[in-house]
Structures are given as C-alpha cells and as structure tokens.
Amino acid sequence: MAKPISIEVWNPSGKYRVISTKPMPGSRWIRLLTDQDCRVEICTEKKTILSVEDILALIGDRCDGVIGQLTEDWGEVLFCALKRAGGSAFSNMAVGYNNVDVGAATKYGIAVGNTPGVLTETTAELAASLSLAAARRIVEADQFMRAGLYDGWLPHLFVGNLLKGQTVGVIGAGRIGSAYARMMIEGFKMNLIYYDLYQATRLEKFVTAYGQFLKANGEQPVTWKRAATMEDVLREADVISLHPVLDKTTYHLINKDSLAIMKKEAILVNASRGPVIDEAALVEHLKVNPMFRVGLDVFEDEPYMKPGLADQKNAIVVPHIASASKWTREGMATLAALNVLGKIKGYPIWANPNNVEPFLDETGPAPAACPSIVNAKQLGLTASKL
Ligand SMILES: NC(=O)C1=CN([C@@H]2O[C@H](COP(=O)(O)OP(=O)(O)OC[C@H]3O[C@@H](n4cnc5c(N)ncnc54)[C@H](O)[C@@H]3O)[C@@H](O)[C@H]2O)C=CC1
Ligand SMILES: O=C(O)C(=O)CO
C-alpha cells in the first residue's frame, strides 16, 4: 500500500479541491483560493522531489486542480489521473514548462498554466550577478580570504576582466534575455550582440537610444547587432548569457564544437535550463582553458553536477536560485494559484501574459482571468477583454 502523504489543509469545507505539491512563499495565494470556495491541500512531505506515485496519491479520487513544481514529471500518467479525478487545471509555479507534456494535458482537456513576467528582472539580476562574479573572480577570491591565504596586496592577485566596452552576447532575447542585456548595457556600457529566432525590437530601440544619450554626453556610444547565427555571437562576445526556452532546438546548443569557437577568456552564464549546455563537454573545456569562466544556475541532471565540475575553480555554481527573490516567489505562487482558480471558475484568459502586474497588486481584487495558460488556443479557451 502507498505510504500516506502528509498534507496541510485550508478551508476544509471548500467546494473545489486544489492541491499544491509544495508549500509556496507568502499567504496571498492561499487566501485567493479559499476566498473563492476552494479547499486547499498543501503537501508538506519532507522529500524535495515528489515522484509520479507521490503525486498520484495526492490527486486521489477527486481533485479540481493542482499547482505543481518544475522538478515534477507532468506527463500522460498524471494528466490522465487528474482528468479521472474530475480536474481541469494544472499550473507550474515557473515560467519554464519543459517538465510538462502539454500535448498530454491538452488530450485530457487540462489547462496548463505558467508564471511569466513576475520573475523576469529577478532572474536577469542573478544572471548579471553570475557575470560579474565570474568576471571579477569573486568566489575564488572569497575562498582565498577564508582559507587565510591573503598576506598582502599584489599586482597579479585575482586579476579579472573589465566589462566596460566589451561585448555582451545574449542567446534567447525574450523577456529575461532582454532584461539581462539592458542591465549589462546600461550598467557597464557593454555593446550587444544577440541571437534569437525573432527580432528583439524593443531591446534594439533601447540600445540605440542609450547610445545616443552617451554620445550626447561625450561618451563612447554603445552599439547593438542582431546575429544571423548563434555562432556569430559565440565568436564575437566576451560575456555570453543563455536565456532560451528548453526544447529540442536548444538541447545541447552549447557543446564541444560551440565551446571551441568561443574566446579563450570568455565568460558563459546559464540561468535558463541545464540541458541547453552539454555539461560533460563544458567540464572538459574548463579543464583545458583556465581563463574561460562559467556561472551556472542550472545543471543538466539536477540536482547533480557532472563529474569534475565542482573541482573547477573557473566555474561558479549556484542551486537554481535565479528567481529566488521574495517578491518574485510570492508572485509566482499567486499567478500559479490564479491560473488554477481561473480555469476552475471558467474565467477567460488574460490577453497579455507579459503584463501580469494587475494580478500582483495586493491593494485590489485580482482580475477575473487566468494570467497565463500555455495551451489556451488548443483548448479553445477565450481571451479576456479586460
Ligand atoms: N534559472 C531559473 O530559475 C529560471 C529559468 N528560466 C528559464 O528561462 C527561460 C526563458 O524565460 P523567458 O525569458 O520568460 O521566456 P521568453 O519566451 O520570453 O524567451 C525565450 C526566448 O528564447 C527564444 N528561443 C527559442 N528557441 C530558440 C533558439 N533555438 N535559439 C535562440 N533563441 C530561441 C524565443 O524566441 C524567446 O525570445 C524559461 O523558459 C525557463 O526555462 C526562467 C526563469 C527562472
Ligand atoms: O520559472 C522557472 O522557469 C524557473 O526555473 C524557476 O523560477
């Protein structure tokens, strides 16, 4: 018999049963659900990553909707079980949904929500932090101090890279990639080269205007270039940050061959998804190119690192914390809860998932809409006129 799963229950007499597979930051998301007649069950199991069997046990015989996490495998088995339990809504508490089989959800008529926008700046700030930490060797220097090795200033001690006037390369100039680019350009006066399937018009306009501002103030203007190929970015940029979605077109986008065309002293940052980089190839590259540096928030086989990565001084590694600011994490919980609530209540789909601020305004009621449903079109769900 399956082991019972520990849960915390809010509003036990609520009409709709909504499950969250993890406790989530803040309390607004719980209030938004309980105020609308939902019984909220939060899984409080100590295990970090729930298995499909654990989630099946949580769904049980009756469940209207589930808020899940990016570490979970949401495929055919779970969507079939959710449908059988009378459910119609699922939301990842994440913008990325590569852990979700959207086709399977659509087959069972289940809406799949995600949480765009609220994490854009927070994630970009972490990518910028990793870029700076790598450029100025901050983690190595910190370890050196703590080891008691500092015995006085030296001309060669932890010499790194000056970013000003260098070129920042962005692969995937969507919401987060563009926010990161703006930070590096405005903050450090770097020039931009980017590669995306689509033109990043707003970003281009921003760099042009900022360049004109600098020129008018007697400074060297910054420039931008949209690269025809990703390889052009890899060849030209001094700092490269990866921000595409993970799908079959971006799996191992960075591999042995692409690493070989990057500058020997380049900095590579990844706060997208681990499998965008062939991590074993990266470890080999770091070993033979000590001045090449990486900042990684995500890993190919999370929570594990490929053998040898942790030994590399030229790698900075943090545990998938790019969206970890209080405001963002509470906002992600709110958007995920409202996706599920909106579908259960039959609300329309918010017309602009890039502008989710009205849902995050705690001073007023949340709009009666689902903030972001990725299979809305396939399910024939109507868009909000709000
Ligand atoms: N490390 C973390 O904690 C976080 C990671 N993420 C990851 O970042 C990703 C991006 O998020 P957003 O910027 O909000 O999404 P977005 O959809 O605004 O941007 C993704 C961009 O990637 C581009 N793209 C798709 N395929 C490409 C390809 N083959 N080559 C180049 N560009 C390609 C798209 O055209 C789009 O502009 C998410 O899907 C998620 O996986 C997001 C938030 C936090
Ligand atoms: O939102 C995402 O996609 C994450 O990786 C966590 O914020």
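Atoms within each ligand, like the ligands themselves, are counted from 1 in listed order.
Listed for the Asn314 side chain is a donor-acceptor partner under 3.5 Å among the backbone atoms of Phe292. Although no hydrogens or angles enter the test, the distance criterion places no donor-acceptor pair under 3.5 Å between the side chain of Arg17 and the main chain of Arg39.
For atom 7 (O) of ligand 2, the closest non-hydrogen atom of the protein is Ser323 OG, 2.6 Å. The protein non-hydrogen atom at the shortest distance from atom 19 (O) of ligand 1 is Gly174 CA, 3.4 Å. Of the protein's non-hydrogen atoms, Arg273 NH2, 2.7 Å is the one closest to atom 3 (O) of ligand 2. Atom 1 (O) of ligand 2 has Val95 N, 2.8 Å as its closest protein atom, hydrogens excluded (heavy atom only). Looking at atom 21 (C) of ligand 1, its nearest protein heavy atom turns out to be Asp196 OD2, 3.7 Å. In terms of protein heavy-atom proximity, atom 9 (C) of ligand 1 is nearest to Pro244 O, 3.7 Å. With respect to atom 44 (C) of ligand 1, the closest heavy atom belonging to the protein is Thr123 OG1, 3.4 Å. Looking from atom 29 (N) of ligand 1 to the surrounding protein, the closest heavy atom is Thr249 OG1, 3.1 Å. Closest protein heavy atom to atom 25 (C) of ligand 1: Val245 CG2, 3.8 Å.
Classification of the Phe359-Trp350 ring pair by plane angle, with boundaries at 30° and 60°, yields perpendicular. Between Phe144 and Phe158, the ring-plane angle classifies as perpendicular under the 30° and 60° cut-offs.
Checked against a 3.5 angstrom limit, the closest N/O atoms of Tyr195 and ligand 1 fall outside it. The shortest N/O to N/O separation between Asn98 and ligand 1 does not fall below 3.5 Å. Considering backbone and side-chain N/O of Asp297, one or more are found under 3.5 Å from N/O of ligand 1. Of the N or O atoms in Ile176, one or more lie within a sub-3.5 Å distance of an N or O in ligand 1. Where the criterion is an N or O separation shorter than 3.5 Å, residue side chain and backbone included, Asp247 fails it with respect to ligand 1. Checked by distance only, ligand 1 and Arg175 come closer than 3.5 Å through their nitrogen or oxygen atoms. Looking at ligand 2, you'll find an N or O of Gly96 within less than 3.5 Å of one of its N or O atoms.
With Met230, Arg273, His243, Gln199 as candidates, the residue nearest to atom 6 (N) of ligand 1 on a non-hydrogen basis is Arg273. Between the choices Ser323, Ala324, Ala271, the shortest heavy-atom distance to atom 4 (C) of ligand 1 belongs to Ala271. Closest to atom 26 (N) of ligand 1 by heavy atom, among Thr328, Val95, Leu197, is Leu197.
Here the side chains of Lys83 and Lys107 are not in contact, with every heavy-atom distance at 4.5 Å or above. A 4.5 Å side-chain heavy-atom check between Leu192 and Leu203 finds at least one atom pair inside the cut-off. You'll find the side chain of Val207 stays beyond 4.5 Å of the side chain of Thr223, heavy atoms only. A 4.5 Å side-chain heavy-atom check between Asn339 and Ile67 finds every atom pair outside the cut-off. The closest side-chain heavy-atom distance from Asn289 to Met262 is not below 4.5 Å.
Residue contact check: Thr250 has heavy atoms under 4.0 Å from atoms 26 (N), 27 (C), 28 (C), 29 (N) of ligand 1. Every atom of ligand 2 is numbered from 1 in the order shown, and the set under 4.0 Å from a heavy atom of Leu119 is 1 (O), 7 (O). Shown in contact with His320 at under 4.0 Å from a heavy atom are these atoms of ligand 1, numbered in order with element: 1 (N), 2 (C), 3 (O). Every atom of ligand 1 is numbered from 1 in the order shown, and the set under 4.0 Å from a heavy atom of Tyr198 is 35 (O). Residue Ala94 has at least one heavy-atom neighbour below 4.0 Å for each of these atoms of ligand 2: 1 (O), 2 (C), 3 (O).
Between Lys313 and Asp311, no side-chain nitrogen of the basic residue sits less than 4.0 Å from a carboxylate oxygen of the acidic one, so the salt-bridge criterion is not met.
Residue His320 places a heavy atom less than 4.0 Å from ligand 2. Residue contact annotation: Ser272 has a non-hydrogen atom under 4.0 Å from ligand 1.
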Handout entry: Arg182/Glu121 under salt bridge (charged side-chain N to carboxylate O under 4.0 Å, His left out): CA gap, chis, key distance, verdict
Key = CA-CA 10 Å; Arg182 287 195 304 269; Glu121 300 293 326; 3.6 Å; yes

Practice task
Tell me, with the steps shown, if Glu231 and Arg235 meet salt bridge (charged side-chain N to carboxylate O under 4.0 Å, His left out).
Solution key: CA-CA 6 Å; Glu231 286 68 24; Arg235 258 183 235 109; over 6 Å; no

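If you check the side chains of Ser323 and Arg329, you find a donor sitting under 3.5 Å from an acceptor.
Of all the heavy atoms of Leu70, the ones lying under 4.0 Å from any atom of ligand 2 belong exclusively to the side chain. The proximity of Thr115 to ligand 2, defined as any non-hydrogen pair under 4.0 Å, does not occur for either the backbone or the side chain. At a heavy-atom distance under 4.0 Å, only side-chain atoms of Val298, from C-beta outward, approach ligand 1.
Open room surrounds NZ on Lys164; 12 or fewer heavy atoms of other groups in view lie less than 6.0 Å from it. In the displayed structure, Lys22 atom NZ is contacted under 6.0 Å by more than 12 heavy atoms of other residues, nucleotides or ligands.
Note that CH2 of Trp29 is 13.5 Å distant from CE of Met332, once rounded to the nearest 0.5 Å. Atom NZ of residue Lys263 and atom CD1 of residue Ile240 lie 8.5 Å apart, to the nearest 0.5 angstrom.
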